[in-house]
Number of protein chains: 2
Amino acid sequence: MAMSNITGSFQLMKSLNRSLVLNKIRSAGAVSRAEIAKETKLTPPTVTKLVGELIESNLVKESDMGTSKGGRKPVLLTINDRQFFAIGLDVGARKIRGVLTDLNAKEIVNDQVDLHKDISSDELTMLMIKMIKSLITVSNVKKEQIVGVGVGMHGIVDNEKGVARFAPSYHLREIPIKDSLKEAVNLPVFVENDAKAMALGELWFGAGRGFDNLICVNVGVGIGAGIIFNNRLYHGNNSVAGEVGHTIIDLNGRKCSCGSYGCLQTVAGGDSIAERAIRELSFGRKSLLMNKTSTRDEISGELIYQCAIEGDELSQDILSETGKYLGIGMTNMINLMNPAKLIIGGGVSKADNFILDPLKEVVSKKALTDEVKNTDITKSELEDRATVIGAVTIVLADLFTPDLLNLK
Amino acid sequence: MAMSNITGSFQLMKSLNRSLVLNKIRSAGAVSRAEIAKETKLTPPTVTKLVGELIESNLVKESDMGTSKGGRKPVLLTINDRQFFAIGLDVGARKIRGVLTDLNAKEIVNDQVDLHKDISSDELTMLMIKMIKSLITVSNVKKEQIVGVGVGMHGIVDNEKGVARFAPSYHLREIPIKDSLKEAVNLPVFVENDAKAMALGELWFGAGRGFDNLICVNVGVGIGAGIIFNNRLYHGNNSVAGEVGHTIIDLNGRKCSCGSYGCLQTVAGGDSIAERAIRELSFGRKSLLMNKTSTRDEISGELIYQCAIEGDELSQDILSETGKYLGIGMTNMINLMNPAKLIIGGGVSKADNFILDPLKEVVSKKALTDEVKNTDITKSELEDRATVIGAVTIVLADLFTPDLLNLK
DNA sequence: AGATTTTAATTAAGTGGCATAAAAATGAAA
DNA sequence: TTTCATTTTTATGCCACTTAATTAAAATCT
């Protein structure tokens with residue numbers, strides 16, 4: 001299909017403006033009709049009408065009076081955040097987290113459950129359903145008030161079909177999450193890759209606010225990226241976009257779980273951190289890690305973060321090296337996609353700046369032009385809640401900014 | 001700015017539909033009003049009206065009658081391709097090519113001029129202006145009939161300002177192409193990086209027709225990519241997007257002109273091909289290359305392509321190796337961006353399949369999922385005209401699909 | 001304090017551009 | 001020749017916006 005296949009119509013016009021107004025209210029927190037008119041370039045009568053409909057549908061409410069600027073006081077409008085709610089699930093390698101939030105993604109209740117490695121598709125689905133039901137029960141919210149369920153799932157996800165194509169942590173394939181949950185709880189369900197959910201979460205509620213073109217990288221055992229163009233998630237042609245962990249940065253590197261050699265993941269993924277520590281220790285290097293563990297298996301990324309913060313030199317060195325490798329991967333990504341902002345999330349958030357600083361240094365040395373050398377790089381603001389809030393955000397995005405222009 | 005900041009209005013509605021109709025005519029070649037209505041989901045009266053205005057403005061004309069399907073014969077509409085024209089320039093490392101085409105990008109006249117390595121900004125600009133004027137004179141087209149000038153420029157280009165930020169081939173910086181040309185010829189001027197122009201050219205008139213999400217890679221001395229999302233060029237935050245030649249694939253690789261080590265360009269760029277040949281010859285390997293050259297300096301990419309086609313084993317081996325390295329870079333790009341189509345252009349087009357086959361093989365082995373392993377990869381259809389036709393296409397894109405929705 | 005000015009929001013009327021319905025044009029098929 | 005199918009145009013209506021005028025309410029000026 002060539003072209004921006006968008007047919008202009010009255011519905012489009014109205015939907016566009018409705019979204020515009022709704023989103024202005026959402027992103028501003030509280031605005032008057034007059035200000036909306038000014039900022040959206042809609043006329044006051046139009047804004048009045050649209051706001052009226054939004055109030056009618058209970059999405060928006062009039063709240064306080066604003067301060068006068070020399071005339072009549074403005075009536076401030078806010079999202080009616082006690083009327084509707086959204087549910088988000090973060091289906092990670094070792095546990096499922098869940099939250100039920102209001103329309104500002106403010107948490108009302110949360111829940112979590114541990115997973116075992118050899119869980120089956122049915123068990124997993126069942127746990128998700130159970131959690132959704134529990135969140136609803138505990139929060140004491142009516143089901144009609146819930147606008148949808150978002151799922152941030154690790155691995156390869158087909159977001160259109162709502163299927164987890166491949167979940168490496170439990171070696172499961174083709175889990176029909178959307179269909180299963182939809183049938184069980186009778187709510188709209190959205191399924192998305194965890195890094196993509198995270199990116200959307202950071203865009204709306206975290207470090208990405210105000211940007212419309214960013215990349216958020218989830219560094220854990222795997223390394224995935226969520227790419228945002230024009231305020232929307234970019235999925236690519238087969239929902240595979242963002243697999244930065246499997247970009248090759250070392251032709252002669254070690255074999256990766258994907259079969260290739262020298263993937264970023266093999267030198268900067270969570271497992272590689274622990275392996276590097278074990279190797280260094282076997283060379284006889286001293287470290288706090290020795291005092292805190294009795295067997296090799298106890299050495300984990302988290303522990304190394306902890307020790308680094310406590311001043312352990314080996315741990316710091318390891319994280320620094322990880323940061324450098326990660327920096328290479330990020331530089332490649334920056335040279336290719338030139339995002340306005342790069343957000344680093346996942347376990348790394350816990351590693352203070354031991355990873356981030358060397359990462360930034362590599363980018364500032366190796367990226368191509370002065371402008372991209374200075375790419376704005378920060379760590380996740382939502383930290384370990386990024387994916388679950390991101391999952392909620394998928395639901396909110398559908399509510400607040402429906403994809404009117406059928407951009408893929 | 002959060003959100004699809006698009007205000008719905010009557011103008012928007014109309015522009016959207018006007019573009020929709022215009023583009024349907026352009027991409028179909030010849031269609032009836034009825035068919036346009038069917039395909040665009042506009043109503044027949046609306047199409048009649050919009051077509052009337054397009055005919056009025058001389059962009060569209062009624063051509064032949066179509067064949068009846070059991071009723072009145074349809075009147076076929078076509079782009080009025082003898083009324084308006086566009087100019088494209090390809091400012092390469094060693095020469096400038098220019099074309100003047102009709103609105104279907106069909107060449108009317110062309111021109112080219114050689115450049116010397118130490119050319120100045122003023123000289124370069126002067127040559128461009130001279131060529132534009134010459135194209136107009138020779139074609140005998142009135143200046144009012146020319147809708148604009150597009151420039152595909154190698155190196156780093158700021159397309160918004162129309163400035164060539166850095167042109168590595170002649171070590172020039174900050175050439176204000178747009179302003180200079182605009183002043184001299186008094187026509188709308190668009191300046192774009194060569195790979196990006198190429199991508200747009202292939203999208204509209206080459207191997208990319210029918211896709212709305214593709215990457216076109218220009219393999220020459222440098223390796224640049226033009227990224228198309230939603231039928232539009234993606235520039236990134238500083239117009240730097242697409243610099244795949246400077247993505248690092250070999251941590252321990254050779255130093256690149258950019259200062260980093262192991263950039264794709266160092267193992268798959270044009271220079272590396274010649275260097276590899278020289279090295280192999282110095283090891284005493286036999287080759288047609290020996291017969292065709294007297295000094296090392298004569299060994300070039302082109303010559304190697306030629307020898308490979310003539311059956312020279314060494315040349316074939318070298319190209320195969322180049323293809324493998326290029327395949328790594330392409331795999332990384334595919335894993336990151338998951339394009340629907342990958343087009344390989346530049347000098348490589350002349351290398352037959354000696355590069356493309358190993359490239360595809362690497363992708364099919366190393367890309368992450370089955371779907372992306374099978375990414376549609378072909379070589380450029382427009383071949384050495386890709387950039388210059390792409391330059392024309394920038395002008396046409398502005399005419400046919402103005403950026404109504406201010407997507408960046 | 002009262003009049004004036006400023007800002008906010010609503011009401012009323014007008015307009016642009018698309019849709020629906022019907023008709024005209026034209027040709028194939030019965 | 002009549003009937004039917006398809007293409008295109010004409011006439012009318014309607015939707016969602018805009019412009020202009022009005023009401024509301026507060027700050028500032030005299």
Side-chain angles (χ1 to χ4, degrees), chain A residues 5-22 24-25 28 30-57 60-78 402 404-405, chain B residues 5-22 24-25 28 30-57 60-78 404:
Chain A
N5 288 315
I6 307 157
T7 310
S9 65
F10 294 99
Q11 293 102 294
L12 178 76
M13 214 196 305
K14 180 154 193 185
S15 312
L16 231 34
N17 291 340
R18 193 190 113 109
S19 292
L20 203 57
V21 170
L22 183 53
K24 192 57 73 181
I25 297 171
V31 271
S32 66
R33 291 171 177 81
E35 204 177 331
I36 294 172
K38 242 174 256 161
E39 290 186 17
T40 61
K41 285 169 189 171
L42 292 167
T43 57
T46 303
V47 173
T48 291
K49 200 185 167 220
L50 290 172
V51 166
E53 289 172 18
L54 289 169
I55 289 175
E56 189 66 29
S57 69
V60 167
K61 66 175 184 216
E62 295 189 333
S63 63
D64 303 329
M65 294 299 231
T67 53
S68 163
K69 290 181 204 157
R72 173 174 173 177
K73 279 185 185 169
V75 178
L76 294 184
L77 303 162
T78 59
L404 303 167
L405 331 169
Chain B
N5 288 314
I6 307 156
T7 310
S9 66
F10 292 101
Q11 293 104 292
L12 178 76
M13 213 198 306
K14 180 156 192 184
S15 311
L16 233 33
N17 290 339
R18 193 191 113 110
S19 292
L20 203 58
V21 170
L22 184 52
K24 191 57 72 182
I25 297 171
V31 270
S32 67
R33 291 171 176 82
E35 204 177 331
I36 294 172
K38 240 174 259 160
E39 290 186 17
T40 60
K41 285 168 191 172
L42 292 167
T43 56
T46 303
V47 174
T48 291
K49 199 185 168 220
L50 291 172
V51 166
E53 289 172 16
L54 289 170
I55 290 176
E56 189 67 29
S57 69
V60 166
K61 67 176 185 215
E62 295 190 332
S63 62
D64 304 329
M65 295 299 233
T67 51
S68 163
K69 289 179 205 156
R72 176 175 171 176
K73 277 185 185 171
V75 179
L76 296 183
L77 303 161
T78 59
L404 304 167

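Proteins come first, then strands; the chains are lettered A, B, ... in the order of their sequence lines, and each starts at number 1.
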- prompt: L16(B) has an atom CG; how far is it from atom C1' of dG17(C), in whole Å?
  reply: 13 Å
query: If every non-hydrogen atom of S68(A) is compared with every non-hydrogen atom of G70(A), which pair is closest and at what distance?
result: OG-N, 2.9 Å
query: What are the two closest non-hydrogen atoms of M13(B) and G8(A), and how far apart are they?
result: CG-C, 3.4 Å
statement: Rounding to 0.5 Å, atoms CD1 (I25(A)) and CG (L77(A)) come to a distance of 5.0 Å
task: Can you measure from CG (L12(A)) to CG (L16(B)) and round to the nearest 0.5 angstrom?
output: 6.5 Å
Donor-acceptor contacts, no H, no angles, side chain residues 37-45 of chain B, under 3.5 Å, sequence neighbours left out:
unit_1, atom_1, unit_2, atom_2, d
E39(B), OE1, K24(B), NZ, 3.3
T40(B), OG1, I36(B), O, 2.7
T40(B), OG1, L42(B), N, 3.2
T43(B), OG1, T46(B), OG1, 3.0

- request: Rounded off to whole Å, could you give me the CG-to-P distance for the L77(A) and dA8(C) pair?
  value: 13 Å
message: Check the phosphate of dG17(C) against N17(B), side-chain N and O only, distance under 4.0 Å to OP1 or OP2. Yes or no?
response: no
For nucleotides 25-30 of chain C, give me every protein contact, N/O to N/O, under 3.5 Å, one pair per line with atom names.
unit_1, atom_1, unit_2, atom_2, d
dA25(C), N3, R72(B), NH1, 3.4
dT26(C), O2, R72(B), N, 3.2
dG27(C), N2, G70(B), O, 3.3

message: Looking at L76(B), is its backbone amide N or carbonyl O close enough to the side chain of S63(B) to form a donor-acceptor pair, meaning the two atoms are under 3.5 Å apart?
response: yes
- line: Heavy-atom nearest nucleotide on DNA chain C taken for F10(A) and for P74(A); more 5' hit belongs to P74(A)
- request: Round to a whole Å and report the spacing from CZ of R33(A) to C1' of dT11(C).
  value: 14 Å
message: I need the CD-C1' distance between Q11(B) and dT15(C), as an integer number of Å.
response: 12 Å
Whole angstrom value for the distance that separates P of dT7(C) from CG of L76(A): 17 Å
field: Contact list for residues 62-76 of chain A, test salt bridge (charged side-chain N to carboxylate O under 4.0 Å, His left out), sequence neighbours left out
entry: R33(A)-E62(A)
query: Nearest nucleotide by nearest heavy atom, which residue falls closer to the 5' end of DNA chain D, E62(B) or L42(A)?
result: E62(B)
query: Any salt bridge (charged side-chain N to carboxylate O under 4.0 Å, His left out) pairs touching residues 44-55 of chain B, not counting sequence neighbours?
result: K14(B)-E53(B), K49(B)-E53(B)
task: Please find the earliest and latest nucleotides of DNA chain D, in the 5' to 3' direction, that have an atom within less than 4.0 Å of any heavy atom of chain B.
output: dA5(D) to dC17(D)
Distance in angstrom units between I36(A) CD1 and dT7(C) P, rounded: 18 Å
message: Contact list please: residues 44-53 of chain B against DNA chain D, heavy atoms, distance less than 4.0 Å, in numerical order.
response: P44(B), P45(B), T48(B)
- prompt: Just how large is the angle between the end axes of the helix from dA1(C)-dT30(D) to dA30(C)-dT1(D), five pairs per end, to 10 degrees?
  reply: 10°
task: For L12(B) and dG16(C), give me the distance from atom CG to atom C1', rounded to whole Å.
output: 14 Å
- prompt: Which value, rounded to the nearest 0.5 Å, describes the distance between T7(B) atom OG1 and N17(A) atom CG?
  reply: 6.0 Å
message: Within the 4.0 Å heavy-atom criterion, would you say T43(B) contacts the bases, only the backbone, or no part of the nucleic acid?
response: base
query: Rounding to a whole Å, what distance do you find between M13(A):CE and dG16(C):P?
result: 13 Å
